[in-house]
Amino acid sequence: MDNQVQTLTEHLRATIWARCLTAAQMKRVETDTFEQFVPKGGFVCRKGEPMESWTGIIDGLVKMNNFSPAGKSVTFTGVPAGGWFGEGSLLKDDRRKYDVIALRDTRVAQMPRATFEWLLETSLPFTRFLLMQLNERLGQFIGLVETDRLLNVDTRVARCLASMFNSHLYPGIEKVVQISQEEIGYLSGASRQSANQALQLLEKEGLVRIDYGGIRVLDVEGLRQFET
DNA sequence: TCATTAAATTGTT
DNA sequence: AACAATTTAATGA
């Protein structure tokens, strides 16, 4: 299998925002950023905690989650390996507005706030990357409102998968997630059964391939445009 | 390396 | 939600 374990440094160098940095900037990033292991089911960070770093997923998968006043669990989105998040609260000097929970054993990279702010001030390409990411996420959430209210389960699952790989800023990342259909159900707001049926339909359409314990995305654009 | 078993995940009703 | 079928991982000969 693709069990090639990537080191923190290798992962940092593979991100797109790192490609535009100068050698000196890259050096500081590699020096300051540290790695953290979060076991399956563990918290990467909790709602209400002050933000101390910008967080990237080296390996594994996390979900952004929140609990309604009634105590009901609401999942916003999943973030696969290659994704970075937390810039919103960092920029606003705010606290986390959601829990981040590991769905599998996960390795995360933490870039300290000072390093993040320094990059923001000294690297235009980095700032541009953040703008694109924020814009991408805005579109994603606008789409969610429509998705939630108008569309059927199959389409919801399709858009959910598309958004995870779409963040068109993780280029070249392996389009394979180790995620059970039960977890896909949580991410797309569907029951496990519905997720199962939806995935089988999407596989029939040639958009994904169902593996044991995981999904391989074959056609991101097709998923995004999928409608029943 | 192979067989056995337990645990996780999937498919169906 | 419950059940059966399938796949993987772990164990020991």
Side-chain angles (χ1 to χ4, degrees), chain A residues 1-8 10-11 35-46 57-83 85 98-108 140 144 147-149 151-167 170 173-228:
Chain A
M1 299 308 193
D2 45 340
N3 277 347
Q4 38 153 352
V5 179
Q6 207 176 20
T7 67
L8 173 59
E10 283 168 353
H11 185 266
E35 180 176 337
Q36 193 181 354
F37 175 79
V38 182
K40 177 178 179 178
F43 283 83
V44 175
C45 52
R46 289 172 188 273
I57 308 301
I58 301 172
D59 189 49
L61 178 70
V62 302
K63 65 173 175 179
M64 293 177 178
N65 195 57
N66 213 338
F67 291 94
S68 68
K72 216 165 70 175
S73 168
V74 181
T75 300
F76 296 124
T77 182
V79 181
F85 59 88
Y98 41 77
D99 292 319
V100 179
I101 302 173
L103 292 178
R104 330 274 317 166
D105 284 354
T106 297
R107 293 159 61 215
V108 298
Q140 185 178 331
L144 267 185
T147 297
D148 245 26
R149 299 190 185 168
L151 302 173
N152 62 34
V153 181
D154 297 334
T155 312
R156 280 220 302 272
V157 173
R159 301 252 172 122
C160 171
L161 287 172
S163 72
M164 287 187 36
F165 290 98
N166 138 29
S167 297
Y170 337 136
I173 69 159
E174 190 52 55
K175 289 178 173 47
V176 158
V177 221
Q178 286 274 346
I179 183 175
S180 70
Q181 298 182 2
E182 189 170 21
E183 287 160 346
I184 289 177
Y186 286 127
L187 289 177
S188 52
S191 67
R192 185 176 73 80
Q193 291 94 318
S194 308
N196 175 263
Q197 294 301 307
L199 286 170
Q200 289 186 35
L201 177 60
L202 295 176
E203 183 177 46
K204 208 170 296 174
E205 299 285 328
L207 301 175
V208 303
R209 209 186 78 202
I210 302 175
D211 291 338
Y212 181 81
I215 300 295
R216 178 184 302 270
V217 174
L218 303 175
D219 182 355
V220 184
E221 195 54 37
L223 281 176
R224 209 174 309 170
Q225 292 171 359
F226 179 85
E227 282 188 55
T228 42

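Side chains included, hydrogens not; waters and symmetry mates left out as well; all remaining heavy atoms used.
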Using a cut-off of less than 4.0 Å, is there contact between a side-chain N or O of [X] and OP1 or OP2 of [N]?
| X | N | result |
| --- | --- | --- |
| A:Q197 | B:dG11 | no |
| A:N196 | B:dT10 | no |
| A:R192 | B:dT12 | no |

Using whole Å, what does the distance between atom [atom2] of nucleotide [N] and atom [atom1] of [X] come to?
| X | N | atom1 | atom2 | value |
| --- | --- | --- | --- | --- |
| A:Y212 | B:dA8 | OH | P | 9 Å |
| A:D211 | C:dT7 | CG | C1' | 11 Å |
| A:L103 | B:dT9 | CG | P | 11 Å |
| A:Q181 | B:dA8 | CD | C1' | 12 Å |
| A:D105 | B:dA8 | CG | C1' | 14 Å |
| A:L201 | B:dT12 | CG | P | 13 Å |
| A:K204 | B:dG11 | NZ | C1' | 13 Å |
| A:I179 | B:dA8 | CD1 | P | 17 Å |

Kindly give the heavy-atom pair with the smallest separation between [X] and [Y], and that separation in Å.
| X | Y | result |
| --- | --- | --- |
| A:S188 | A:V157 | OG-CG2, 3.6 Å |
| A:Q178 | A:L61 | O-CD2, 4.1 Å |
| A:I58 | A:H11 | CA-NE2, 3.6 Å |

Atom pairs and distances, donor-acceptor, side-chain atoms in residues 199-206 of chain A, under 3.5 Å, two or more places apart:
| residue | atom | partner | partner atom | Å |
| --- | --- | --- | --- | --- |
| A:Q200 | NE2 | A:N196 | OD1 | 2.9 |
| A:E203 | OE2 | A:I210 | N | 3.1 |

Terminal axes of the helix from B:dT1-C:dA13 to B:dT13-C:dA1 (five pairs each): angle between them, nearest 10 degrees: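 Terminal axis comparison yields 10°.
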Not counting sequence neighbours, which residues clear side chain to side chain donor-acceptor pair (under 3.5 Å) with A:E35? List them please.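 Result, side chain to side chain donor-acceptor pair (under 3.5 Å) vs A:E35: A:R107.
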By side chain to side chain donor-acceptor pair (under 3.5 Å) - contacts of A:D59 (at least two apart):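 Partners of A:D59 by the side chain to side chain donor-acceptor pair (under 3.5 Å) criterion come out as none, since no residue qualifies.
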Hey, which of these two, A:R104 or A:Q200, hits DNA chain B nearer its 5' end, going by closest nucleotide?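 Closer to the 5' end of DNA chain B: A:R104.
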Beyond-backbone contact of A:F226 with A:T155, side-chain heavy atoms, under 4.5 angstrom: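 A:F226 reaches A:T155 side chain to side chain.
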Is there a side-chain contact between A:Q197 and A:V153 in this structure, where contact means two heavy atoms from C-beta onward sitting under 4.5 Å apart?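 With C-beta onward as the side chain, the pair stays apart.
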Cut-off 3.5 Å, no hydrogens considered: what does the side-chain donor-acceptor table look like for residues 214-223 of chain A, sequence neighbours left out?
| residue | atom | partner | partner atom | Å |
| --- | --- | --- | --- | --- |
| A:D219 | OD1 | A:E221 | N | 3.3 |
| A:D219 | OD1 | A:G222 | N | 2.7 |
| A:E221 | OE2 | A:Q225 | NE2 | 3.0 |

Which atom pairs link the protein and nucleotides 4-6 of chain B when you take only N or O atoms and keep those under 3.5 Å?
none

